Every structure is written in C-alpha cells, then in structure tokens.
Amino acid sequence: MHLVLARVDGGLTATPLTDAGAPDGQPTRLAESALRAFVAAHDGPGVRWVWSDTARWYPAVLAAGGRVARCVDLRLGHRLLRSALATRGSALAEAPVSAWDAAAAPEARPAPATQASLFDDDLFTVAAADDDLDPVAELRAQLDAVAGATEPGALRLLLAAESAGALVAAEIKHAGLPWRSDVHEQLLADALGPRVPYGVRPRKLEELAVVLRQRLDDPELNPDSPADVLRSLRRAGLVVDSTRKWELERLEHPAIEPLLEYKRLYRLLTANGWTWLDEWVQDGRFHPEYVVGGVVTGRWAANGGGALQLPKQVRGAVVADPGWELVVADAAQLEPRVLAAMSGDTDMAAAGDGQDLYDGVVASGAVQTRQQAKMAMLGAMYGATQGEGGRFVPRLARAFPRALDLVEQAARAGERGEPVTTRLGRTSPVPEQSWFEARNRAYSVDGAPAMQRAVESRARSWGRFTRNFVVQGTAAEWALSWMGGLRTRLAARTDGPVTAGPHMVFFVHDELVVHAPAADAEWVAEQVRAAAVDAGRIMFGGFPVTFPLTVAVVRSYDQAK
DNA sequence: AATTAAGGCGCG
DNA sequence: AAAGCGCGCCTTAATT
C-alpha cells in the first residue's frame, strides 16, 4: 500500500492508497511531532511512503531515530516521467509546467541542537508547507503515466531505484563519513607546514615560490596566477600554451619540477585544506549532501564539500570508529560490463567473465596490452577519434561489433537531435531550439561552408554526449539498484536508528563505503557482493554478465586498493 | 561591490 | 581547426 504524506495547515495527513492508487481507508491527521512514531507504527514490507521530496521529509524522521523501508519520491519521479520517451503523450507529460517541475525547496534546518532543544518537538519539524502541491493527485498521475507506458516494468524499476537512492543519500548525509580531523591536520602540516590563517601562504608553498622566482629569474612572480606563470615561462624561453599539468610535464626546465609541486600543494590547500576542514567536518563526520539525479545521465551530483571529488590524498583521514571497520567496495570496469549487457554482446561479456575485463579483451586478441584495451574501451564510450583511444577503437569494433554498434547508434541519434534512453528508460534531453535552427540555416540555400562545418561539429559533439549517455546512465541505474538492494539487506540486520548497525557512509558512482561494527564487517562484504549480483539480474535478467567487485575491509579509506 | 568567465584540477 | 563523456569548486581576471 501507499501512505501519502502531506502537510496541511499546521499538521500532517497520511492518506492510505492501494498500490494502484485507489482509496484504501481514511486519512489520518497527525501533529508534526508525531511523525516519527507514526512512521514506526506503520512502516512495513508492503508499505511505500509517498512524499514530495525525500530530502525535505526524511531528515526529520532520521533525526528522531527513525527510518523507512521504502518510499516514493514524487519530485524525482515527476522529472523522470515528464521527460521519458516511454510516457510521451501521457497526461503527466502533456500537462503545463507546475510546482512539481521546480527544484525541491531547501530543507528547513532545525536550529542548532542545544541541550534543551534535543528534547523539544521543534527538532522534528519537517518542512515548510507545500500548499500548491497535491501529492495524492500527483501519485495517481504518475501511476497512470507508468501504466500507459511502452515499458512499464522498466519504468517501475527506475522509479523504485531513484527513490531508494534518495533514501540512501539522506541516510548518508545523516550518518556522515567518519573523519579524523587530527589525522587530516597532521597530513596538512606534513605537506604544507604549520597552519596559517586564510590568505597567508603556508611555509612549504612560500619556499617553493622563492625557488620558482629564482629559477625563472622573475622576482615579482605570483605562482597563484596562471596568467602570471605563463608569462614568466615564456619569458624564460619555453614554448607553452597553458600551465596545465600535462603540458608542463613535457617541458625540460629547472622550474618545472617545483612548479608542479607548487600546484599540487596549492590544490590541497585550496580544495581540502584547513578551511575545508573547518567548514565541512563537525563532530568527527563529513556530511556529504548528494543531489540524487543531479546529473542528466542519472548520476548523483553533490552540493558543497566536493563529496564526489574527495582526493586520494586525504582519504587517510577517513577512519572507522573504534570497534568498527570500513567496507570499501568498487565495481570493476562497470561501464564496459554495462555496455556488454545492454547490447547483448556475449563476447564482450565473456571477456569480463571471472576476470579483469580489459585483460579479457587482450586475451581475445583485439589489442596487445591492457592499457590499449582500456584506452580503446573508453574511447568507444566517449567517442574518441584521435589519440591513443581513437586509434584502437576500430579493432574493438571488429572484435565486439554488437557493443560498438550500440554506442554508434546512440551517437547517430544524438547527431540527428533525437533523444536516447538508458536500459530502464531515463531519456536524454534534446538540444536547444537554436541547435535545430542553426542546422536548418546551414543547410538552406544560403548556408555557408563554414556554417555547415560549425553545425556538423556541434552535431558530433551532441552525438558524443548521447553516445556516453546510454552507458553512463545505465551504469548509474545499476549502481542505484546495487545501493538500494544493499540498503535493504543492511536494514534487516539491525533495528533502531540507521547508525546503530552497518550503514552506508559514502558513494562515488561505482564505489561504496559502509561503516560497520567489526563483527559485522565480513557479513557486510558478503551482502555487498550479493547486492551486486541482484543488481545485474534486475537490470539484465538472465544475460550472462558478471559485475565483480573489489571489496576491502579496512580501518581507513586510503588502505583500500 | 558583485557577478561572470576563464583557467585549472580533483573525482568517476 | 578540432580535440573522448559527466561533474563541482577553487582561484584570478574581466566585466557590470
């Protein structure tokens, strides 16, 4: 059954509906402070909590020590179904833009918890009223759209996975990634020197700056300014177009080594230095705010703190609590495996069966080395035409025609301005109107050749986007299925708050970190693997593709891999 | 003073 | 001239 939560003048209603959306009893009226108890009393295997936005409703439940098994995130569903090819023409897709199309309003932040407010009902405040949103009507519209869709089963999986992901994201933010500030600070001191106030150059950087000015014979050089550095390098007689790392690495000059070191440390300081630590780590936890579906392909984005760019350099500060372990799991060569499965390429799937997929490609004879196999595979999925990647793509196409044909077809569709879809039906955007207008103009009687070249270039660019969309998006669906399944498995282990037992604390596209009591760690590792097997079946049925993981049980994140 | 663009680099 | 995909976020430099 569905239990639809809504906010009405000063309180909440919970409206029971059947799985099909029909009335299933009287709505219950309750006070906001009663939500946690109500959830605890009514949650169960057959229940789906329906709400406007997980990010607005669920934090209050979590803060009160509660949790839910399943939910329907209406705003995420709305966005998927409005744009999906499979629901084109549905009432939901045809309706004018409404409040459901707006981004979710930010979560109402409870006042900082004081000793008194910890026991105050105000802490459980959910969110401001969504007066213009009718979740019951919206749920029915979504159920109707799915029922009339060309592939309702896939869409149901997609919606369930997206909503499960929303629960995971909220729980990760709630629990936080264990973070040892003292370890981080030691690491910064070792690399940069003693802590300095914001705006002051740390000792190690200052020393490198002195060396740079001397070796470039430029006493005024500001190494923080790329334009300044570029001028200085050219004055020293170096032929260089930018100060990008890969370009500098090709140069022979005594200033290059300290310059690269300066840039490396400067990056550490500005991205994950003392300022970051002060702003993002509280009470031994980093609380990443993920944006579910924040990337067009369906990948998550992150808001603040750079959760999806956590440098390997600082992962040593991620340390399990005493008596706990981190279970770090990484899906090996996820995207090529997804491509093999979605294209039905049994040869490519076989290349990855029970081994590193790139090694399997080498064993197939298509290329000579693992590095070539990797470059070629990435090149095929990204649309490389030149360089190391582009060079070996044709060999891959001969060895694995079905897989390569799938991405090729996606690229052609994109070049024509058509949408493409993932395995479960997430649909790519189409180019802006101006893209089509420019194309039509270029191919009309007065289209200049330069104009046509520009248009063709834009078309190929969009084709590379759609080429990658189908693979990256389907991989994101696999990852959502993996996480959602793991979440259910972990939840069955422990009652009570999410953080009482093993729980997810970090996620980066194809990698997961679970914080687990030491006694549970091996069990968790098994569950992580089992969830990956489940995800493969959910997405690709009986197709013989495997999704091997590297799983490590470690004390700190840097010890994995 | 505030906003936008460009350069650059971290992650997958 | 074009150049393998998707992001977020830091800084400096340019613009309003």
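None of the values given here were measured: they were computed from a predicted structure. Below, chain A is the first sequence line, B the second, and so on; all start at residue 1.
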Taking the side chain of A:F465 as heavy atoms from C-beta outward, which of C:dG8, C:dG4, C:dG6 is closest to it?
-> C:dG6
Calculate the interatomic distance between A:D278 atom CG and C:dC10 atom C1'; express it in whole Å.
-> 16 Å
When you check the gap from the basic side-chain N to the acidic O, do A:E171 and A:R487 get nearer than 4.0 Å?
-> yes
Name the nucleic acid region contacted by A:G304, choosing base, sugar-phosphate or nothing; use a 4.0 angstrom heavy-atom cut-off, strictly under.
-> sugar-phosphate
Does the distance from a Lys or Arg side-chain N to an Asp or Glu carboxylate O, for A:E415 and A:R412, drop under 4.0 Å?
-> yes
Which part of the nucleic acid does A:F469 contact within heavy-atom distance under 4.0 Å: base, sugar-phosphate only, or nothing?
-> nothing
Indicate the ring-plane relationship of A:H509 and A:F507, choosing parallel, tilted or perpendicular according to the 30° and 60° boundaries.
-> perpendicular
Rounded to whole Å, the CZ-P distance (A:R231 to C:dT12) equals 14 Å
Just to confirm, is there a sub-4.0 Å distance from OP1 or OP2 of C:dA1 to any side-chain nitrogen or oxygen of A:S457?
-> no
Take atom CE of A:M375 and atom C1' of C:dA3, then tell me their distance rounded to the nearest Å.
-> 15 Å
Earliest and latest nucleotide of DNA chain B, 5' to 3', sitting under 4.0 Å from a non-hydrogen atom of chain A?
-> B:dG7 to B:dG12
Contact class for A:A302 (heavy atom, under 4.0 Å): base, sugar-phosphate, or nothing?
-> sugar-phosphate
Looking at A:T243, A:D217, A:D218, A:N222, which hits side-chain hydrogen bond (donor to acceptor under 3.5 Å, both in side chains) with A:S232?
-> A:D218
Please state how far atom CD in A:Q309 lies from atom P in C:dC7, giving the value in whole angstrom units.
-> 13 Å
Should the pair A:R453-A:E456 be classified as a salt bridge under the 4.0 Å nitrogen-to-oxygen rule?
-> no
Sub-6.0 Å ring centroid separation between A:W276 and A:H184 = yes
With sugar-phosphate meaning primed atoms plus P, OP1 and OP2, does A:R267 contact a base, only sugar-phosphate, or nothing at under 4.0 Å between heavy atoms?
-> base
With sugar-phosphate meaning primed atoms plus P, OP1 and OP2, does A:R299 contact a base, only sugar-phosphate, or nothing at under 4.0 Å between heavy atoms?
-> base
Whole-Å distance between C:dA3 C1' and A:R391 CZ?
-> 16 Å
A:F286 CZ to C:dG8 P: how many Å, rounded?
-> 14 Å
Base, sugar-phosphate alone, or nothing: which one does A:V296 contact when heavy atoms must sit under 4.0 Å apart?
-> sugar-phosphate
For DNA chain B, what residues of residues 185-222 of chain A have any heavy atom nearer than 4.0 Å?
-> none
Residues A:R75, A:D101: salt bridge by 4.0 Å N-O rule = no
Rounded to whole Å, CD of A:Q386 lies from C1' of C:dA3 at a distance of 6 Å
Scan every strand shown for a Watson-Crick or G-U wobble partner of C:dG4, both distances under 3.5 Å, and answer none if you come up empty.
-> none
Looking at A:R203 and A:E207, does any basic side-chain N land under 4.0 Å from a carboxylate oxygen?
-> yes
Between A:R231 and A:D228, does at least one N-O distance fall below 4.0 Å, as a salt bridge requires?
-> yes
So what does A:N303 touch, heavy atoms closer than 4.0 Å: a base, only the sugar-phosphate, or nothing?
-> sugar-phosphate
So which nucleotide from C:dT11, C:dC7, C:dA13 ends up closest to the side chain of A:A301?
-> C:dC7
Measure the distance from NZ on A:K374 to P on C:dG4 and round it to the nearest whole Å.
-> 18 Å
Would A:E206 and A:R213 pass as an ion pair if we require N to O under 4.0 Å?
-> yes
Check ion pair A:E432-A:R439 (N to O, under 4.0 angstrom) | no
Does the side chain of A:T385 get closer than 4.0 angstrom to OP1 or OP2 of C:dA3 through an N or O atom?
-> no
Have a look at A:G387 and say if it touches a base, only the backbone sugar-phosphate, or nothing, with a 4.0 Å heavy-atom cut-off.
-> nothing
